[in-house]
Structures are given as structure tokens and as C-alpha cells.
Engineer: 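Structure provided below as C-alpha cells; questions to follow.
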Protein chains: 2
Amino acid sequence: MLNKAIELDAADPLARFRERFDLPDGVIYLDGNSLGALPKSTRERLAQVVDAEWGRDLIRSWNTADWIGMPQRVGGKIAPLIGACPHEVIACDSVSVNLAKLIGAALHMRPGRTVVLSEPGNFPTDIYMVQGSPAEQRLAARDRIVDALDENVALLMLTHVHYKTGAMFDMAALTEAAHAAGALVLWDLSHSGGAVPVDLGACNADMAVGCGYKYLNGGPGAPAYAFVAERHHAALVNPISGWMGHAAPFAFSDEYAPAPGVSRLLAGTPPVLAMAALECGVELMAEIGIEPLVAKSRALSEFFRAAMAEHCPGLECVSPADPALRGSQLSYRHLEAYALSQALIARGVIGDFRAPDVLRLGFAPAYVGFADCARAIEALAEVLASGAWQREEFRQRAAVT
Amino acid sequence: MLNKAIELDAADPLARFRERFDLPDGVIYLDGNSLGALPKSTRERLAQVVDAEWGRDLIRSWNTADWIGMPQRVGGKIAPLIGACPHEVIACDSVSVNLAKLIGAALHMRPGRTVVLSEPGNFPTDIYMVQGSPAEQRLAARDRIVDALDENVALLMLTHVHYKTGAMFDMAALTEAAHAAGALVLWDLSHSGGAVPVDLGACNADMAVGCGYKYLNGGPGAPAYAFVAERHHAALVNPISGWMGHAAPFAFSDEYAPAPGVSRLLAGTPPVLAMAALECGVELMAEIGIEPLVAKSRALSEFFRAAMAEHCPGLECVSPADPALRGSQLSYRHLEAYALSQALIARGVIGDFRAPDVLRLGFAPAYVGFADCARAIEALAEVLASGAWQREEFRQRAAVT
């Protein structure tokens, strides 16, 4: 297995990008789907922002360093990774806050309809945002979603790649079904953008949000992004109508007037330090290109799945077997998945656990290699065979699991 | 004037803190009310967060570096600056987004009441947030606010120190009047926290928000903070109900259940890099202490006001003459205030302009000295006497003014 993996790494056109990241020695990092690794360029860029732009140029940098244009500029660089036009994407706030904006916007665009349809087990913040909104929540299992679309549904809101299983929805088909029922669609791309093929334009998607700190490598808690198709820009109403989304924020008028297009999705002042870090991650992904990233992602997870079936046959894979139907991760069920993940971490293999029983391993194509996968499987096989995961120390739950 | 200023600097107990900031040579920075200066500790701390916590420890830092506890920890350090208890303050999102949360929360707490009362000319984002919310907006001039309180008002929402004039509301009196009318009060402390006396507890205030990037020196676009008095915690409903505000975010339940207290005001994942920078700024303000900061602020602005009256008598001061009635700034009216601010910047004196006709000069007490004030007035007197501000180059408006 390892020799084969080393051969695959030698032939990998993306292998050279690994040195563009700062990865610690002795660690195999299969958790880029939770927190992407540190691009080396980010360190330099942050030093420049802090020392020169903030420290030396101070308030002038809003103009001279174009801090004010960061949300649009970074959004525009994310756009090609998700099949959007640059003016349809903006980087701002968190996924949660952007969901609140777009749920509100969708209710405005579909007056008389009150339901937001999603699936049980969707990523919690997506569902919680509906529960906090004026909308009525409807949940339908993924194979019943089309049946649950009716004349009360304003918005179908789904996470494209499921955070736990990696299962990927058919974006084109579900978008078409929602439109046939008169509903809008909002795709959460948190586990998609930068790792799997996404073509919002070709799918005729209405809205999307996505995460900056996973496959985009924007840093812990990086700003998120939001997409609204151009055809909806004129009717777009942002209920979190802050001054940075105003057509003329520095006129300091008492009357809100929305900025053109997705710029009206801005609320407060852009978080400059975090935006600068996000921009570095996004630029690196854009430099590699989405097609090579997707190809490598599939090759990695296919290699991993086959080798796991051979070396750890007792672990049930809960991710779809067809790589075209899953994201850049593989999830395995084990009653003590938490302890298993901790025992792996003790051996330098970092994956993660998702309650109640899933061991989740992600393959960030920009910096994970085939030999990493082989070594992770060797470690996992050893942990399982030795029963090392049964040690008490691996069962102590930390605050963040 | 300058000799007197140099004497005052020599006797200033806060003078030693100036070297804790990285301020560029040749610049007199009177715009800390817009963007605070860079604490030297921030550079080191950010390098640590980027290199060690993100780059080396990766996802583990949510536990090992307590990233997950940052919002509560930083909020707790802000609390003593505003007369709050540590568990009543949380650092998160932007002022705008926090306003949206608390306006929503206030409407839930006062069922049957639909009005949010504020003043015309309040900082735009405050008013815009009401306009985007389900509430009905009512605006009353500052001397008519008490009269405008009635049984329809759910929330009186005011900015404690006015961003343009520096005029400061009587927090205790207005809070009492609002309570007498059955309304809640939300104070925007963006131009207060860290510079003027604020005692939310003694004033019996219900809610507050404030800015991290002005007097708290948290960096451009730093996270904001939100305060809710403990007596309201049980009834607190956050309409932007994200997973980080859940009682058990890592249980990944389909049902939202709010975390205790102000923790339920969290929505998305904390922005770690930005939070780390904010924490450095807050820690430095806490080290200096709010009472010395307030005393210095008043001394600076009183010195400036008196010297301006002598050296630039033609400029009308629109800030209250009594330092107990204004924030840490002085604002002067001039028909060409924008060009005036640009001509000053060309001489290394950075203040700012607020439309349509205000030149605004802020006195961040942690790093501005009396000699800075004297030299700024010399420059201003020279610009006015020479008519240098009339040059065309100073009239070209930048994107951010």
C-alpha cells in the first residue's frame, strides 16, 4: 500500500503545492474539511497588513490599501471555484449570519410562502437559523425532498455535501425541482467549495453560502461568503441592513438605500485581518485551479476507500461509494468513534469525530498526499488491532469534539 | 502652547503607555475614535496564533489554545471598562449584526410593543438595523426623546456618545425614563467604551453593543461586543440563532436550545485571528484602567478646546463645552471640512471628516499626548491662515471619507 502511494505521489501534479503550506512534522492532517492548513503566504501577508497597513498607514488604508473593497474582491476570487460570476459573490460575516440574511431575503422574494424546506440532520446552524427566523421549518428525508416541495415552500435550503457522511446532493436536479414548485434554492457549500465540482451558474442556483476556513484555508473562523444569482439582485432585500451595505455609507443618511447587487449583503465593517488571511487561502486555491483540485480529491479518497476495505475491513464506510456522489471526505462508523479519533491523534493522524459514532477523514487535495493516506490507514489498523483506543484517556471528551 | 503641552506630557502618568503602541514617525494621530492604533503586543500575539496555534497545532487549538472560549473571555475583559459583570458581555460579530440580534431580542421581551425609538442622525447602521427589522421606527430629536416614549415603545436605542458631535447622553436618566414607560434600553457604546465613564450596571441598562476597533484598539474591522444585563438572560432570545449559541453545539442536534446567558448571542464560529488581536487591545486598556483613561481623555480635550479657541477662533466647535457632556473628541464645523481634513493629513495630522461639514478630532487617551494636540493646532492654524486647504487636490473625495 505505501509503495503504491509513494508512486502516486511522485506522479501527482499537485504534490508541489504541499510546500506552499506550513504543515507540522510528524502529523498527517486529514481534517482540512474542518480547519484548512496555513498557507505560507498568509504569514507574510498578515505581517504586512498589521505592520504597514494598520500600524503605519492607519485609517488611510481604507483607501490606500483598498480595505473597503475586500469583501467584493475576495468574493470575486472565490467565484470561479463555485461556478459563479465575480459580481455574484461577496465575502463577509459567518455562514450562520449569511444564512439569516438569505433566508430573510428569500421570504421577501416569495411573499405568501412561509416554509423553508431542509433535511433532518443538516448541519445544525442551517436548521437553527430557520428556527430563529420568521419562516416555518419543514424537514424531509433526502429521498423525500422533492415530494415535500409544495406551494408553501419559499426556499429549499440544503447543504450540498453532508458534513457527516460526505453525501453530495444532485444540485442541478434539486434546483430544477424546487423551481418547478415555485421555490428558491439556497445551497450551503461549506463542505464543497474548493474540493468538489460546483457550478452554481449551470445549475441555475438562486443563492448559496460557504465557509472560508475549510477547503479555502482562510484561517480559524475565517469570514464566509454569500452568492446571489444576478437575476435576483434587483429584488434582493437584506434584513441585516447595515451601513456597509448602503449605496452611500459615507453620506451618513438616515434612510437605508441598498448598494447594488451582493454588496447590499454587507452589514458591518469588514474584518480586515481575517479578510487578508482568507484572501491568501483563496488565491492559492485559485492558483491550483478547481479542476486539478477536484481530480486529486477523487483520486485520494478512492485510494483511501479501497485501501481501507483491504486493511480495515471491519469499519463500515457511511459515505457513498461512488466518488461522484460524495465530497472530499470518507466517514466510518464505530461505536467508540470518539476514542478512535483520539487514539489516532496520539499517533499523529488528525481526523475528527462527529457525534454520535462517526470517524471523519478529510482529503484536502492541495496538501494531502497518497502516502499520508497509506500511513493513516496503517495507524488506524494498528489502533484497531491493538485495542489501543479502549484506553480511558481517549474517552475524555474535550469541549470541542 | 507647545511649552505648556510639553509640561503636561512630562507630568502625565499615562505617557509611558505610548511606547506600547506602534505609531509612525511624523504622524499626529487624532483618529483613534475611528481606528485605534496598533498595540505592539498584537504583532507578537498574532504571530503566535498563526504559527503555533493554527499552523502547528491546527484543529486541536480549539481546545488546547481555548479558541472556543475567546468570545466569553474577551467579553469578560471588556466588562470592567463599561461597568458590566464579566458574564454579561460577549465579543462577537459586528456592531451591526449585534444590533440586529438585540433589536430582535427586545421585541420578544416586549410583546405587543412594536416601536424602536431613536434619534435622527444617530449612527447610520443603528437606524438601518431598525429599518431592516420587523420593528416600527420612531425618531425623536434628542431633547424630545422622553416625550416620545409611550406604551408602543419596546426599545429605546441610542448611541451614548454621538459619532459626529461627541455629545453624550445622560445614560442613567434616559434609562430610567425608558423603564418608566415600560421600554427596554439598548446603548451603542462604540464611541464610549475605553474613553468615557460608562456604568451599565449602576444605570440599570438592559442591553448594549460596542465597537472593538476604536478605543479598544482591536484592529481594523475587529469583532464587536454585546451586553445583556443578567436579569434578562433567562428571557433572552437571539433571532440569529447559530450553532455556536447552542447549549451543546457539538451534539449536532436538530433542535435549537440556547446556551446559558450571553453565550446564546453567538452565531457562527469565532473569528480567531481577529479575536486574538482584539484581546491584545482590550488587555492593554484594562492594564491602564478606565479611570486614568477617562481623566486623561478629559484633560486632553479640555486643553485642545481652550487652545483652539485661542489659536483658531474662527472654527465653530459643535461639541459640548462641558467635558462631562461629551466623548473623547472635538468636532468643528467648516463648509470645506473635507478639504481641511485632507490638508491636515498632508501635514501629518490625521483627523477625519464626517459629512457634510464636520472636522472630527479624537483624543485616544492611551497614546495621544498634549504636545500632539499643540502641534495639531499649529498645523490647523497654518492651514487656515494660508488657505492651503483650498487646493484642488484636497477636494478629491476618496471612497472612504
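Proteins come first, then strands; the chains are lettered A, B, ... in the order of their sequence lines, and each starts at number 1.
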Engineer: In terms of heavy-atom pairs under 4.5 Å with chain B, which of A:Ala274, A:Pro120, A:Ala47 leads?
Structural biologist: A:Pro120
Engineer: Considering all heavy atoms of both residues, which atom of B:Gly268 and which atom of A:Ser96 are nearest to each other, and what is their separation?
Structural biologist: CA-OG, 3.5 Å
Engineer: Classify the angle between the aromatic ring planes of A:Phe252 and B:Phe123 as parallel (below 30°), tilted (30 to 60°) or perpendicular (above 60°).
Structural biologist: perpendicular
Engineer: For A:Glu255, is it the side chain, the backbone, both or neither that has a heavy atom under 4.5 Å from a heavy atom of chain B?
Structural biologist: both
Engineer: Taking side chain as everything from C-beta outward and backbone as N, CA, C, O, which of these in B:Ser94 sits under 4.5 Å from a heavy atom of chain A? Side chain, backbone, both or neither.
Structural biologist: side chain
Engineer: In terms of heavy-atom contacts, does CD of B:Gln48 have more than 12 from other residues, nucleotides or ligands at under 6.0 Å?
Structural biologist: yes
Engineer: Does any heavy atom of chain B fall under 4.5 Å from the side chain of A:Val95, the backbone, both, or neither of them?
Structural biologist: neither
Engineer: Could you tell me whether the side chain of A:Asp352 reaches within less than 4.5 Å of the side chain of B:Ile59, counting heavy atoms only?
Structural biologist: no
Engineer: Hey, what do you get for OG1 (B:Thr125) to NE2 (A:His246), rounding to the nearest 0.5 Å?
Structural biologist: 10.0 Å
Engineer: May I ask you to test the A:Thr42-B:Trp54 pair for a side-chain heavy-atom distance under 4.5 Å?
Structural biologist: yes
Engineer: Tell me, out of A:Gly242, A:Ser133, A:Gly212, who's got the most heavy-atom pairs with chain B below 4.5 Å.
Structural biologist: A:Gly242
Engineer: Where does A:Ala399 contact chain B at under 4.5 Å (heavy atoms): side chain, backbone, both or neither?
Structural biologist: both
Engineer: Hey, does A:Leu46 have a side-chain heavy atom less than 4.5 Å from the side chain of B:Leu46?
Structural biologist: no
Engineer: Tell me, for B:Ile127 versus chain A, whether the close heavy atoms (under 4.5 Å) come from the side chain, the backbone, both or neither.
Structural biologist: side chain
Engineer: Does the side chain of B:Pro258 reach to within under 4.5 Å of the side chain of A:Tyr128, using non-hydrogen atoms?
Structural biologist: no
Engineer: Chain B heavy atoms under 4.5 Å from A:Val130: which part of the residue, side chain, backbone, both or neither?
Structural biologist: neither
Engineer: Under 4.5 Å from any heavy atom of chain B, what part of A:Leu139 do you find: side chain, backbone, both or neither?
Structural biologist: side chain
Engineer: Using a 4.5 Å cut-off on heavy atoms from C-beta on, say whether the side chain of A:Val27 contacts that of B:Arg60.
Structural biologist: yes
Engineer: Side chain, backbone, both or neither: which part of A:Pro270 has an atom under 4.5 Å from a heavy atom of chain B?
Structural biologist: backbone
Engineer: Given a strict heavy-atom distance threshold of 4.5 Å, which part of B:Tyr29 is in contact with chain A: side chain, backbone, both, or neither?
Structural biologist: side chain
Engineer: Using non-hydrogen atoms only, which part of A:Trp62 is less than 4.5 Å away from chain B: side chain, backbone, both, or neither?
Structural biologist: both
Engineer: B:Ile345 versus chain A, heavy atoms under 4.5 Å apart: side chain, backbone, both or neither?
Structural biologist: side chain
Engineer: Below 4.5 Å from any heavy atom of chain B, which atoms of A:Tyr213 appear? Answer side chain, backbone, both or neither.
Structural biologist: side chain
Engineer: Based on non-hydrogen pairs under 4.5 Å, which of A:Leu35, A:Asp22, A:Asp254, A:Asp51 is most in contact with chain B?
Structural biologist: A:Asp254
Engineer: Where does B:Leu273 contact chain A at under 4.5 Å (heavy atoms): side chain, backbone, both or neither?
Structural biologist: both
Engineer: Using a cut-off of under 4.5 Å for heavy-atom pairs, which of A:Arg397, A:Arg43, A:Gln137, A:Lys40 has the most such pairs with chain B?
Structural biologist: A:Arg43
Engineer: Between B:Thr269 and A:Gly221, what is the shortest heavy-atom contact and its length?
Structural biologist: CG2-CA, 4.0 Å
Engineer: Can you tell me how far the CG atom of B:Leu99 sits from the CD1 atom of A:Ile240, to the nearest 0.5 Å?
Structural biologist: 11.0 Å
Engineer: At a heavy-atom separation under 4.5 Å, does A:Ala222 approach chain B through its side chain, its backbone, both, or neither?
Structural biologist: neither
Engineer: Between A:Gly104, A:Gly132, A:Pro134, which residue shows the highest count of heavy-atom pairs closer than 4.5 Å to chain B?
Structural biologist: A:Gly132
Engineer: Specify the closest pair of heavy atoms between A:Ser253 and B:Pro124, including all atoms of both residues, with the distance to one decimal.
Structural biologist: O-CB, 4.0 Å
Engineer: Do A:Val97 and B:Asp93 touch side chain to side chain, with heavy atoms closer than 4.5 Å?
Structural biologist: yes
Engineer: Against chain A, work out which of B:Met275, B:Glu53, B:Met129, B:Met244 has the most heavy-atom pairs shorter than 4.5 Å and name it.
Structural biologist: B:Met129
Engineer: Report the distance from atom CD1 of A:Ile350 to atom CG of B:Asp57, rounding to the nearest 0.5 Å.
Structural biologist: 8.5 Å
Engineer: So how far is it from A:Asp25 CG to B:Arg56 CZ, rounded to the nearest 0.5 Å?
Structural biologist: 11.5 Å
Engineer: At a heavy-atom distance under 4.5 Å, which candidate from B:Ser34, B:Ala277, B:Ala37, B:Ala100 has the highest pair count against chain A?
Structural biologist: B:Ala37
Engineer: Could you tell me which of A:Gly32, A:Gly219, A:Pro39 has the largest number of non-hydrogen atom pairs under 4.5 Å with chain B?
Structural biologist: A:Gly219
Engineer: Looking only at non-hydrogen atoms, find the nearest pair between A:Ala355 and B:Ala251 and report the distance.
Structural biologist: CB-O, 4.3 Å
Engineer: Okay, side chain of B:Gln131, backbone of A:Ala257: is any donor-acceptor separation there less than 3.5 Å?
Structural biologist: no
Engineer: Can you list the steps and then say if B:Leu58 with A:Asp31 is a side-chain contact (heavy atoms from CB on, under 4.5 Å)?
Structural biologist: CA-CA 9 Å; B:Leu58 290 155; A:Asp31 210 7; over 6 Å; no
